[in-house]
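Letters go in sequence order (proteins before strands), and every chain restarts at 1. Since the model is a prediction, treat every value here as computed from it, not as a measurement.
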Amino acid sequence: MRFPLSWLRDYIPDFEPNPVNREKLELAGLEIEEEILLGISFKGISIGEILEIQPHPHKEHLLLTKIRVDGDESATKQIVCGAHNIKVGNYIPVAFPGSIVEGETLGARKIGGILSEGMLLSLKELGFPEEYFPKSHEGIFIIHQTSSSTTIEELLSLPDTIWEIKVFPNRSDLLSIKGMAREIAAILNLPFYCPEIEKDEPLSKKQCSLKVEIDNFSDCSYYSASLIENVSIKESPSWMQIKLLKCGLRPINNVVDATNYVMLELGQPLHAFDYTSIQKDTIKVRRGKSWGESLLTLDDNLRSVDGEVLLIATTNDPIGIAGIIGGINSGITEHTKKVVLESAYFSPEIIRSGRRKLGISTDASYRFERGLDPFLADYARIKVLEIMKKISDSKVISTTITKNEPLSQQQNISFTMEKLNNFLGTDFISEEIFKSLGHFQVKQEKDIFTVDIPSYRRDLSIPEDIYEEVARIIGYHRIPSKLPVISSRELLSVRSKNIESILRENLCKLGLTEVVTSSMLSEEELIGYGKPLSIKNPISKDLSYYRSSLIPGMLKVVLTNIKYGIKDLSIFEMGHIYNEEEKSYLAILCTGRLLPEGWKKTELLSDFYYIWGILNKLSDEFNLGLELTLEQPKKHQSLPNLEFLHPSRKALVKKSGYILGYIGEIHPLRISHIRPSPDRIYVAELDLKYFKQDVSTTFSVIEPSRFPHVERHLSLTFPTSTNYNSIEKAIFSQKPRFLEKIILLDRFNLIEKQELISFTISFIFRANDHTLKEEEVRQELVKIVNGCSEIGGELRGRKNN
Amino acid sequence: MQNIEVLQERIKNISTLEELEELRVHLLGRQGEITILLKNLNVLPVEERRKRGNELNNFKNEIEDFLNNRKTEIEEGVLNSKLKNEAIDIFLPPFSLPMGRLHILSIVYKKVEEVLGSLGYEVVEGPEIESDYYNFEALNMPVHHPARDMWDTFYFENGLLLRTHTSPVQIRTMQSRQPPIKIIAPGKCYRRDNPDASHSPGFHQLEGLYIDEGVSLSHLKGTLEFFARAMFGPYQEVKLITSYYPFVEPGLEVSLKCVICKGKGCITCKYSGWLEILGAGMVHPDVLSRQEIYPDKYSGFAFGIGIDRVAMLMYGIKDIRSFLENDLRFLNQFKAILEET
């Protein structure tokens, strides 16, 4: 909310907005989000009366005016003016040659061949910048109801400073000039002056009085309707318009402005109805009908309302949405003669519910839904009637009040000094506590303090609320810094790193770069990747689903980088996805060269076996026993159908019977739109839950054998359908002794025998306790060849090293 | 019989191993001059033979040494010229090795977790897809609470939502553990903010929660001061500002003396000299008692750190969107030294 300091000073005349005070206010919770400085950029401006208005003889859109300045009856000046909002008899700010406007000295000049001896001014020219006062340049500023001795500076309260202060949702009391002034006074320990309001009019029983029926006191616990007659609708006096404008409100007419003025000053939203809209003098405060009804509201929207919206209605039809916005049918017009003024307390819940239902927020709903002082409505009613009498020559006929008694209970909070100091970690003494709570009634009995909570402080209900009040008024800089004692139990519990971070570090060791991609993607991007969760209220189509796979996000990384000429990527991501439930996944993507291009000619491209190599390495490091399989997963294991992969270059990753993910090449059609076109893209995606399951951390050291190894190469041919996995199985089925490891060296189709495929395998033998003899190795090789022959393997040649 | 000096001179002038061998054969070979002279000694009388024999043997040894030395010299010369021919251009570009790297957000998370780990905070995690209960209700924000507007929320059709902060993990931890509780919870959060240089609809937080007997506001202040100094330097100034979050009382916002301008005022701190980096407060007694932790016995504090913001301040990153863009040229700037220091 915007707070003109000139208005705040009505309550706290001693307030100095110097940097020290400003800092104190900010630390105590009044964040000044914006400061608008209104200086005096003019000099020698008079208030003039318009005697005559004629069209400019030569220029179509201009007017020619005759202006007389008060106190100088004889002299009139001729001034050309471009704005058309003026009438004969208006008083306006006028600058004559020699005056300064917006920092520049004005001279007399000819406009369209006619001498203009000055200038009529808009608010913008009087120093109200358009960026803060959007309509300040539109039209001449017309002065209403002001005494002739007032200067323009006084009228505009210039110079002035306006602070836009952020108000927390629990402090509805600060959404008013009076409340903010009271808060500033409390923080800075300043005297606070509250002008007395006039005594309430005695409620007259004579003439007509309205009937007010409240369906449910839990929606509305206080409702007053004052009937006012003899109202003449006109513009508000300038001093009021200026205050409204400075707070960012647009003046409308004297009745509406009076309600807005009191809302700004006291925080109580009020509403004025045209009396002619009230049928049978009856006002009903009721919920909308459950089958629905509708109302054309003041913002010219037809709103349908139901049982979640509170209405102000007359015998039948609604005339306003309680606490949010009025209906057009009951609005104040220039013809209004009799006004019904509403001041009420509506429950925050019903206002919020209605406002959400209708999707609008108004100055009124903003205040009601934050919970107002239950006694404020009555006080504000008296204040607004007092003002209306002054500015609309009107007369209050009657006031009808329907309310729930009691409106609110007096609340007290008690605490001991010891508890306060234990909670804050301080040793404040009772004088300090008293002083910091100087804005409240506080009693001390022995060591117990009791604070009477004012009805406007809706945020205070438990002792901790008072501890905060004490701490922020004294200042958080007075809270000492202490570190809690750390127990060894705590330190021991943090010693074990989580698997995810070890995994991350290992993937980096393998040369992969971590990426973090958006969890929200477009529907299009996620097609084929399982069932993503649709977001009900996305900010854009691009971010309308919660991802069901990490792969689409990673493909976007390929897209981003290829745009910048980076075609070679080895990346991974660990993050959450939704696939029947929220899960933690790991994805790896590789494309392009593994070693950078260069004069060394180290051509090595990412492929299926590289990405499988990464998983295999992890499998080895974490003792996982990962295997590839082509089997379809069991029903209960959710996995997207892998149609986004190359149909003959994909595999499932298995760990002790569970499928925990897949590996494969991205289907070329999936990436055909990327320009410039990327190399083949290989991906793997794993569910970390299964990955992490029974990761073995037991370990015993093995002494490496100190004896020499023997290496033998065998070239074997097999039928072309044979896969390497079955060859390994055949080899190990023979339980060869001393075999340390086998390495596949080569694999090719025989040109001369198309039905055969040749595998060259290196076998490394080593014993733990002796140097192997040629004969021992030969025996094992014979076993191996025999094993292979069971699946159609034949020795093609034998090479010794 | 040749003069020794002449022979030496001759050996010196030999430049190839072949010539040298030829001379060796000529002098010392089976039919070599010296060999023959030695063979012919036995025709001399014993006295004469011994004398002459000694002379000849000395001469022979000397020549042999000379030949061997020269051989070594020539061999070295041959090797040296071979090595010389193997010269490489050391100014050609070096082999370019790939090196993996953590994402900058992971680097910052790791640092924060280490700093708070040293105070005994254990890492726990919670889901990103949350229920209204954990994200709002259990945090003192029933359905019609106006503070819900502070967090513009993404909802799913099934009524669940994307967590707007990591605070739901506070509740989940209170439910699964008994005090003392001392945890940190890193994770992604989501708010319906339109993306710009300082807003991202998906961002990263780290929640901290400490509940025990006798936990006070001064413990919170001490902890956050330690954190700020561990992250931004030992002289980092910190200030606590009154703020409001429904689930803490009092609610605080913590600001650092601007790490860019050191408080003089710059664009980053909007000329205020201070930067907000986290929200914190003492856990509201209603939040505790709702999870059956008795506020008469226990108190606690909680804080939520914006990791994107910390990363931006630590490394002078200007646009929050850089984190999720994953331009490898951007990510690869954050060298190993940054991970460790």
Side-chain angles (χ1 to χ4, degrees), chain A residues 26-29 168-170 348-349 352-353 369-370 422-425 462 464-465 468 471-472 476 479-484 486 490-491 493-494 498 504 507-520 533-537 539 543 557 560-561 564 566 570 576 578 582 596 598 600, chain B residues 92-93 95-96 98-103 105-106 110 117 119-123 127-129 144 146-147 149-150 154-157 162 182 188 192 194 201-202 210 214-219 221-223 225-226 239-244 249-250 282 285 299 323-329 331-332:
Chain A
E26 296 213 271
L27 290 175
F168 299 124
N170 63 336
E349 290 77 18
R352 188 171 166 85
S353 147
E369 70 173 297
R370 278 156 177 73
N422 283 346
F423 183 83
L424 297 176
I462 54 171
E464 284 78 1
D465 295 328
E468 170 178 48
R472 79 184 178 102
Y476 286 116
I479 308 287
S481 291
K482 292 178 205 153
L483 277 179
I486 304 166
E490 287 161 0
L491 286 179
S493 68
V494 297
N498 59 4
R504 267 198 186 92
L507 284 159
C508 288
K509 282 186 199 164
L510 290 169
L512 287 98
T513 299
E514 188 189 19
V515 296
V516 176
T517 68
S518 170
S519 308
M520 291 181 287
L533 262 191
S534 158
I535 295 167
K536 215 163 85 180
N537 56 340
I539 25 178
L543 306 171
V557 177
T560 302
N561 282 284
Y564 298 124
I566 302 164
S570 292
H576 290 208
Y578 181 86
E582 187 175 335
K600 294 290 293 173
Chain B
L92 284 176
F95 196 83
S96 174
M99 186 147 119
R101 226 176 263 298
L102 289 175
H103 192 279
L105 289 172
S106 291
K110 198 171 130 189
L119 295 182
Y121 287 84
E122 186 188 343
V123 177
E128 293 171 16
I129 299 172
H144 290 303
D149 292 350
M150 290 160 70
F154 288 111
Y155 288 93
F156 296 110
E157 299 292 343
L162 280 170
K182 201 172 197 181
K188 268 191 181 180
R192 285 189 82 246
N194 279 310
Y210 178 39
V215 177
S216 73
L217 185 64
S218 69
H219 289 139
K221 191 176 178 186
T223 301
E225 232 167 52
F226 172 77
K239 72 178 178 184
L240 305 185
I241 301 165
T242 306
S243 189
Y244 171 68
E249 185 62 44
M282 298 295 289
S299 56
F323 295 125
L324 297 187
E325 196 197 4
N326 298 297
D327 181 338
L328 276 255
R329 298 168 303 170
L331 293 179
N332 279 323

* **Partner residues of B:F154 under the ring pair (Phe, Tyr, Trp, His ring centres under 6.0 Å) criterion, sequence neighbours left out** =>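 Expected list: none.
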* To do: Output the option from B:G202, B:P201, B:S299 having the highest count of non-hydrogen pairs under 4.5 Å with chain A.
  =>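 Between B:G202, B:P201, B:S299, the count favours B:P201.
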* Close side-chain approach of A:I535 to B:Y155, heavy-atom, < 4.5 Å ->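 SC-SC contact between A:I535 and B:Y155 ruled out.
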* To do: Could you tell me whether the side chain of B:K221 and the main chain of A:Y476 form a donor-acceptor pair under 3.5 Å?
  =>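 Yes, because the side chain of B:K221 sits within donor-acceptor range (under 3.5 Å) of the backbone of A:Y476.
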* **A:I566 versus chain B, the contacting section by heavy-atom distance below 4.5 Å** =>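 The side chain, not the backbone.
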* Whether A:N561 side chain and B:N326 backbone form a donor-acceptor pair below 3.5 Å ->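 Looks like yes, one N/O pair under 3.5 Å.
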* **Side-chain touch A:P169/B:Y244, heavy atoms, less than 4.5 angstrom** =>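 The answer is yes, as the side chains (C-beta and beyond) meet within the 4.5 Å cut-off.
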* Which region of B:L331, side chain (C-beta onward) or backbone (N, CA, C, O), has a non-hydrogen atom less than 4.5 Å from a non-hydrogen atom of chain A, or is it both or neither? ->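 Side chain of B:L331 only, per the 4.5 Å heavy-atom cut-off to chain A.
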* Asked: Tell me, do B:E249 and A:F423 make a side-chain contact under 4.5 Å, heavy atoms counted?
  ->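 Contact flag for B:E249/A:F423 side chains = no.
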* Asked: Is there a side-chain contact between B:P250 and A:R472, using heavy atoms and a 4.5 Å cut-off?
  ->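 When only atoms from C-beta onward are counted, A:R472 and B:P250 do not touch, as no gap falls below 4.5 Å.
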* To do: Under 4.5 Å heavy-atom distance to chain A, tell me which part of B:E225 shows up: side chain, backbone, both or neither.
  =>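 For B:E225, side-chain heavy atoms alone lie under 4.5 Å from chain A.
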* Which bit of A:L510 is near chain B, if near means a heavy-atom gap under 4.5 Å: side chain, backbone, both or neither? ->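 Neither part, no heavy atoms under 4.5 Å.
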* Is there side-chain contact between A:L424 and B:S218, with heavy atoms separated by less than 4.5 Å? ->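 No, side chains not in contact.
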* Check whether B:Y210 gets within reach of chain A through its side chain, its backbone, both or neither, counting any heavy atom under 4.5 Å. =>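 Contact with chain A is through the side chain of B:Y210 alone.
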* Asked: How about A:I486 and B:K182: do any of their side-chain heavy atoms sit closer than 4.5 Å?
  ->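 A side-chain contact exists here, since the closest heavy-atom pair is under 4.5 Å.
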* To do: Return yes if some donor-acceptor pair links the side-chain N/O of A:E514 with the main-chain N/O of B:H103 below 3.5 Å, else return no.
  =>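 Here the side-chain-to-backbone pair exists.
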* By a 4.5 Å heavy-atom criterion (distance strictly below it), what part of A:K600 contacts chain B: side chain, backbone, both, or neither? ->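 A:K600 touches chain B through side-chain heavy atoms alone.
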* **Segment of A:T513 engaging chain B (4.5 angstrom heavy-atom cut-off)** =>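 The answer is both parts of A:T513.
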* Asked: Where on A:N537 is there a heavy atom nearer than 4.5 Å to chain B: the side chain, the backbone, both, or neither?
  ->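 Backbone plus side chain of A:N537, per the 4.5 Å heavy-atom cut-off to chain B.
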* Asked: How far does CG of B:L217 sit from CG of A:N422, to the nearest 0.5 angstrom?
  ->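 So the CG of B:L217 and the CG of A:N422 are separated by 12.5 Å.
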* Does the B:T242 side chain pair with the main chain of A:L27, one donor and one acceptor, at a distance under 3.5 Å? ->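 Yes; judged by distance alone, with no hydrogens or angles, the pair exists.
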* Answer whether the closest heavy-atom distance between the side chains of A:Y578 and B:I129 falls below 4.5 Å. =>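 Yes, at least one pair of side-chain atoms sits under 4.5 Å.
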* Asked: With a 4.5 Å limit on heavy-atom distance, are the side chains of A:V516 and B:L324 in contact?
  ->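 Side-chain contact under 4.5 Å: yes.
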* So which part of B:F323 gets closer than 4.5 Å to some heavy atom of chain A, the side chain, the backbone, both or neither? ->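 Contact with chain A: backbone only.
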